[in-house]
Amino acid sequence: MHDEAALDVVRADPLCAETPARLLTAPITPAASVYVRSNFALPPLDATHTIAIGGAVRSPFTMSMAELAALPQRHVTVTMECAGNGRLGMDTVPAGEPWRYGAVSTTTWSGVSLRTLLERAGLAPDVVEILGHGADAGPRDDADGDVRFARSLPIADAMHPDTIVATHMAGERLSVDHGAPMRLIVPGWYGMASVKWLARLEAITTPFTGYFQLQRYVYEVNGTVEPVRRTLVKSMITSPIDGGSCARAVLVHGWAWSGAGAIARVELAVNDAPVWIDAALGTPVSAYAWTPFEAELVLPDAATATIRSRATDTAGNAQPERIEWNRLGYGNNGIRGIAVVVTDEGR
Ligand SMILES: Nc1nc2c(c(=O)[nH]1)N[C@H]1C(S)=C(S)[C@@H](COP(=O)(O)O)O[C@H]1N2
Ligand SMILES: [Mo]
């Protein structure tokens, strides 16, 4: 179903797989290498699958793939990151999928604005959230019976025209792993909001309290629980590659992204020196895609070096030195250092 060489598999079944580091240099991730995160076995859906829109609406309806295809199509190019990306980089690694740094990808999704469907259904005035139900379910050791994947979105995010019910990725029909035949795509939010194998949309008048809203994909700190929402500001050096080698004079490349706004600044530092050098920012391929940065550095005359990057977004959020530890290991946007071997040391 998927090309093994194109992904670094973290868990085979259900498939959880990262984009390999060498492929993270591309502005648009090769389609076969877009990371995959699935909680349960793949649900048995086919092209005859219909989506049901209901709950607190005037006129509930169901829609087929053909009907969706006949509506105006919207294309959004999005950097999507799993909230667990970078979990292995946390001091005292929490339980959960052991993601390194490749649970992030950029691709173009196409489909229909969720808003178009909600307007057609006619939302009741007291609707607060739109709940997306996946068709996938399974047992969890901290819940009774089977749990279905479901996640809610505040009404303002659900009504944003770039929140879509996607049927295509990178110009092709969705693959099963990416949620065929239809899924939500919520730009600016961590991946868990983009419900795959979307079966039902439900307008609700009180905030959702389901398993994947309050027991998973939450920041749990000292017993307090806060659902994970927008993607935190982060940067990633893609060249030189972490663990690779380079000359002392090196052109450093990478990406920075944030769900809270555009990227305002990326700075680099070498080893533990508290000296931050501004990188030059390039233009992202879309407002929801990562921003390229580059800077020429001259590394110290030593066998190895660490290069760190720190991004700041236009809302003023900057990457922290270290995140506040949370039990499930989400949102690790702490400053990361990549280690390199210096090839012309001592010359
Ligand atoms: N129905 C359903 N939707 C889901 C998930 C899931 O397990 N089931 N995983 C979520 C998570 S945690 C992420 S990060 C994204 C990953 O989307 P992808 O596999 O297409 O990269 O899907 C989200 N949508
Ligand atoms: Mo995720």
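The basis for the numbers below is simple: all heavy atoms, side chains too, and nothing from hydrogens, waters or symmetry mates. Numbers here simply count residues along the sequence, with the first being 1. Atoms within each ligand, like the ligands themselves, are counted from 1 in listed order.
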### Query
Taking NZ, NE, NH1 and NH2 as the nitrogens, is one of them in Glu97 or Arg11 under 4.0 Å from a carboxylate oxygen of the other?
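Yes, this pair counts.
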### Message
Looking at Arg100 and Asp8, is any side-chain nitrogen of the basic one under 4.0 Å from a carboxylate oxygen of the acidic one?
### Response
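Answer for the salt bridge query: yes.
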### Query
Is Ser110 reaching over with its side chain to a backbone N or O of His168, donor-acceptor style, under 3.5 angstrom?
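Checking the backbone N and O of His168 against the side chain of Ser110, no donor-acceptor pair under 3.5 Å is found.
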Aromatic [Y] / basic [X] pairing, under 6.0 angstrom, 45° off normal:
X      : Y      : value
Arg140 : Tyr211 : no
Arg151 : Trp189 : no
Arg87  : Tyr330 : yes

Can you pull every nitrogen or oxygen pair between ligand 1 and the protein closer than 3.5 angstrom?
unit_1   : atom_1 : unit_2 : atom_2 : d
ligand 1 : 1 (N)  : Asp136 : OD1    : 2.7
ligand 1 : 1 (N)  : Asp136 : OD2    : 3.3
ligand 1 : 1 (N)  : Lys196 : O      : 3.0
ligand 1 : 3 (N)  : Lys196 : N      : 2.8
ligand 1 : 7 (O)  : Asn39  : N      : 2.8
ligand 1 : 7 (O)  : Asn39  : ND2    : 2.8
ligand 1 : 8 (N)  : Asp136 : OD2    : 2.7
ligand 1 : 9 (N)  : Arg37  : O      : 3.2
ligand 1 : 17 (O) : Arg183 : NH2    : 3.1
ligand 1 : 19 (O) : Arg37  : N      : 2.9
ligand 1 : 19 (O) : Lys196 : NZ     : 2.6
ligand 1 : 20 (O) : His178 : ND1    : 2.7
ligand 1 : 20 (O) : Arg183 : NH1    : 2.6
ligand 1 : 21 (O) : Tyr35  : O      : 2.6
ligand 1 : 24 (N) : Ser194 : O      : 3.0

